[in-house]
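Structure first, commentary second.
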Amino acid sequence: MKMASRSRKQKHRGRVARRGWISGGGPSRLAGVFLGTALLFGAVVLIGLGYTAGGGASRETLFTTLLINATVVVGMQVFIGNTGILSFGHVGFGAVAGYAFAILAVDVEWKRRLIGDAPFGASDVSIPAEAAIAAATGLTLVVAVIVGLGMVRSGAATGDIAATVITLAVLFAVYETAINWTDITGGNRGGISFRPGTAMPGRSHAYAGFGLALVIALLYRSSRSGRLARASREDDLAARSLGVNPARHQMLALLLSVGLVAVGACLRVWLSGTVSPERFFIDYTLLTLTMLVVGGRNSVTGAVAGTVIVTGLTEVTRLLSGPDFNPGPFDFVIRPGLTDICLGLAMLGFMILRPNGLLHDREITDLPGLRRLNRLQRAFAPVSPIPKTSTSFDVESAPIEDSPWPRPAPPADAGHLLEVAAVTVEFDGLVVLSQAHLSVAKGRICGLIGPNGAGKTTMLNVLTGIVSASSGHAVVCGRSINGMAIHRRARSGIARTFQNLRLFADLTVLENVEVVALAHGATPDSARRQAVEMIELNQLGDMASRRARHLDYGASKRLELARAAVSHPQFLLLDEPTSGFSEAESRLIVQQIRAIAARVGCGVVVIDHDLAFITAICDEVYCLDQGSVIAHGSVAEIRSNPEVRAAYTGE
């Protein structure tokens with residue numbers, strides 16, 4: 001029977017491989033990026049060429065404008081879509097680039113007539129337009145670094161709303177500067193314009209900008225940083241508790257995003273031949289954000305689709321509200337300003353009725369009829385074999401030798417490797433932990449019990465850095481973790497689950513586990529192998545491609561355990577892993593935790609109110625009451641301890 005079961009598992013793993021879960025890193029990733037770029041680029045070009053085939057110069061200009069707007073919107077998607085931080089400031093960064101480009105690219109003689117008193121000798125400098133785009137983009141990136149340091153730190157510390165407010169402040173600050181620093185911007189009296197006849201020739205630069213935006217956006221989306229940024233987008237605290245540093249990835253996304261927006265802004269100024277404060281303020285912000293929201297901010301394809309759809313909408317409303325159209329009895333609706341009304345209604349409607357946009361996070365290669373083209377991606381890299389793991393919870397049959405992880409070295413001695421001593425935590429004068437202590441050896445399973453409000457979860461929060469202790473210290477494998485950031489503690493060897501589920505809801509089961517391995521330095525191939533092994537060990541293989549939000553409660557709990565264990569921690573902290581489970585499910589989780597602890601080679605600290613579960617799984621137990629440790633010993637010693645009985649029964 002065992003041999004037949006293993007044969008079926010081997011066949012299942014083969015199906016996993018054929019579905020592409022184990023596709024390789026570098027070459028296949030690049031193939032996917034360039035396939036997506038080619039499809040998106042080709043689709044937009046075909047639409048544009050079809051539209052311009054039957055028209056004159058106005059249609060040519062509209063198509064070129066669409067390409068430039070798509071460059072800007074795709075650039076915005078790199079930051080907003082991957083980090084989840086809504087930004088109003090990208091158009092402000094675009095204004096910085098647009099003005100810098102105009103100042104550098106306009107010829108000297110013409111510029112002296114416009115801003116002859118410009119400081120820094122700006123009126124005496126003129127360089128080719130392509131060089132001016134590069135210089136303006138570089139200057140804008142310097143500004144983005146300065147703003148971004150404050151933005152990502154405030155966002156990480158106080159939530160995304162603080163970062164969003166900072167971006168709004170950037171938009172208004174740049175606008176007011178453009179109006180009032182007239183010596184270099186020309187102010188509201190006309191801004192800076194190019195000499196007639198020197199505006200952007202043809203569409204080649206617009207094509208190049210759009211293609212560059214697609215390549216960078218799709219590369220970042222599939223990169224380690226992009227995937228970790230999306231994990232933080234889904235649940236910032238869970239991501240940090242598993243080793244992700246959101247600030248680093250948010251900053252990288254911001255710089256890539258601003259760079260693309262800067263290129264698009266320069267092209268926009270060059271095409272129109274002028275730059276003024278109003279061209280990069282509320283109207284353009286509303287336009288670009290609507291394009292992103294309508295298509296789907298979590299998808300590069302959505303950003304492009306939204307740009308095409310909204311461009312068509314604005315062109316129709318422009319024609320309807322123009323002087324050549326007779327609205328008849330509908331003149332109370334079809335009038336100047338109709339475009340802004342439609343944009344506002346489109347954004348409002350999608351935010352309420354379809355907040356994820358038309359495509360959510362689907363890319364063009366995920367759409368029906370195009371999935372077969374994904375085979376081209378996998379053709380560039382051989383399918384790697386999956387390690388021979390066992391989904392049985394019989395620890396004896398789980399061969400660590402075949403694991404993709406390095407085999408854990410046994411501790412040098414039997415001493416305790418995780419120690420918490422004299423920890424006190426106070427919240428506004430309320431003592432939650434008082435001189436609490438905990439000592440756990442690697443390879444041991446330690447229970448933490450006590451009545452509600454005893455301080456059990458607070459103890460785990462202190463260990464993981466979510467809560468700061470008023471006094472005391474914590475040591476992991478001889479290294480003090482006092483004062484460490486949450487993500488650094490996770491990388492020092494601590495992983496945890498939460499009392500209330502904190503999954504990356506919009507990622508698949510496989511992606512939930514895989515991003516944690518990536519956060520701990522695994523290569524893409526190794527991360528995929530580790531993730532597959534762990535989800536199979538937790539009986540989640542058939543759900544690997546399902547989004548975490550669609551799992552039932554039991555599967556969600558197993559996924560959270562798999563996600564924590566894949567980081568190969570020194571110590572695994574489990575907060576009520578059997579909460580809401582039946583007796584049969586609790587027995588299963590006992591075997592599961594023991595199998596994972598044996599496979600990973602870690603110590604386990606587990607909180608639970610189910611004393612039968614604690615009795616079945618733990619080697620030793622600590623009992624907390626009113627923030628203090630009242631008992632410590634073996635399961636038998638704890639069960640017979642009168643203080644423990646009193647804490648639970650009040651006797």
Side-chain angles (χ1 to χ4, degrees), residues 5-23 227 230-231 233-235 238-239 242 298 356 360-363 366 371 374 378 383-393 398 403-404 495 497-498 500-519 522 524 527-567 572 574 577-582 584-593 595-596 599-600:
S5 174
R6 289 183 183 179
S7 176
R8 286 193 297 270
K9 290 168 189 171
Q10 294 290 345
K11 291 179 181 178
H12 170 68
R13 293 187 188 107
R15 289 195 297 272
V16 169
R18 286 193 293 274
R19 282 199 293 265
W21 293 359
I22 310 299
S23 58
R227 299 173 72 181
R230 291 196 296 280
R233 176 195 72 192
E234 293 300 308
D235 193 316
L242 292 165
N298 292 342
N356 291 319
H360 192 187
D361 60 356
R362 288 177 294 174
E363 295 297 346
D366 299 325
R371 288 174 182 164
N374 277 319
R378 294 192 291 273
V383 174
S384 307
I386 299 177
K388 295 180 180 180
T389 62
S390 172
T391 56
S392 168
F393 291 116
S403 172
T497 65
F498 291 86
N500 298 315
L501 289 170
R502 302 192 73 110
L503 298 175
F504 305 137
D506 229 19
L507 304 186
T508 66
V509 168
L510 183 64
E511 289 168 341
N512 263 268
V513 182
E514 192 176 1
V515 293
V516 177
L518 289 171
R528 183 63 58 94
R529 290 168 179 271
Q530 292 180 32
V532 169
E533 177 179 7
M534 192 52 67
I535 64 174
E536 289 195 346
L537 185 63
N538 285 274
Q539 298 185 338
L540 293 167
D542 292 336
M543 309 175 192
S545 59
R546 190 179 302 176
R547 292 184 193 270
R549 67 169 70 254
H550 298 144
L551 298 179
D552 60 46
Y553 185 74
S556 297
K557 279 285 192 180
R558 297 202 304 275
L559 173 57
E560 196 172 35
L561 181 58
R563 189 181 63 177
V566 80
S567 65
L572 186 58
L574 308 178
T578 66
S579 173
F581 277 13
S582 66
E585 290 172 322
S586 294
R587 286 198 299 269
L588 178 65
I589 208 74
V590 168
Q591 299 176 38
Q592 187 174 350
I593 292 171
I596 288 173
R599 177 64 58 86
V600 175

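By convention here, the first residue in the shown sequence is residue 1.
- Salt-bridge annotation for R227 and E514: present, with a side-chain N of the basic residue lying under 4.0 Å from a carboxylate O of the acidic one.
- Note that the CD1 atom of I596 and the CD atom of Q592 stand 5.0 Å from one another [nearest 0.5 Å].
- In summary, R599 and E533 engage in a salt bridge, as defined by a charged side-chain N under 4.0 Å from a carboxylate O.
- Taking A555 as the reference, L540, M543, L551, D552, R558 meet the side chain to side chain contact (heavy atoms under 4.5 Å, CB included) condition, with sequence neighbours excluded.
- Taking CG of N512 as the reference point, atom CD1 of I535 lies at 10.5 Å (rounded to 0.5 Å).
- One distance of note links CZ of R549 with OG of S556; it measures 11.0 Å at 0.5 Å rounding.
- Here the closest non-hydrogen pair linking A562 and V513 is O-CG1, 4.1 Å.
- How far CG of L510 is from CE of M534: 12.5 Å, rounded to the nearest 0.5 Å.
- At least one side-chain heavy atom of P577 sits less than 4.5 Å from a side-chain heavy atom of I593.
- Rounding to the nearest 0.5 Å gives a distance of 5.5 Å between CD of E560 and CG of L503.
- The minimum heavy-atom distance between A238 and R563, with the atom names listed, is CB-NH2, 4.1 Å.
- Among residues two or more places apart in sequence or in another chain, the side chain to side chain contact (heavy atoms under 4.5 Å, CB included) test is passed with A564 by L242, A495, T497, L572.
- Side-chain contact check for Q539 versus L588: some heavy-atom pair is nearer than 4.5 Å.
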Task: side chain to side chain contact (heavy atoms under 4.5 Å, CB included) evaluation trace for K557 with I589 - done: CA-CA 10 Å; K557 279 285 192 180; I589 208 74; 5.8 Å; no
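- The nearest pair of heavy atoms linking Q530 to A522 is NE2-CB, 4.0 Å.
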Task: side chain to side chain contact (heavy atoms under 4.5 Å, CB included) between F504 and E511, worked out - done: CA-CA 9 Å; F504 305 137; E511 289 168 341; over 6 Å; no
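- Of all the heavy atoms in A231 and V515, the pair that sits closest is CB-CG2, 4.1 Å.
- In terms of the side chain to side chain contact (heavy atoms under 4.5 Å, CB included) criterion, residue partners of H360 (sequence neighbours excluded) are, by chain and number, N298, N356, D506, R547.
- Between the side chain of Y553 and the main chain of F581, no donor-acceptor pair closer than 3.5 Å is present.
- A distance of 11.5 Å separates CG in L559 from CZ in R546, rounded to the nearest 0.5 Å.
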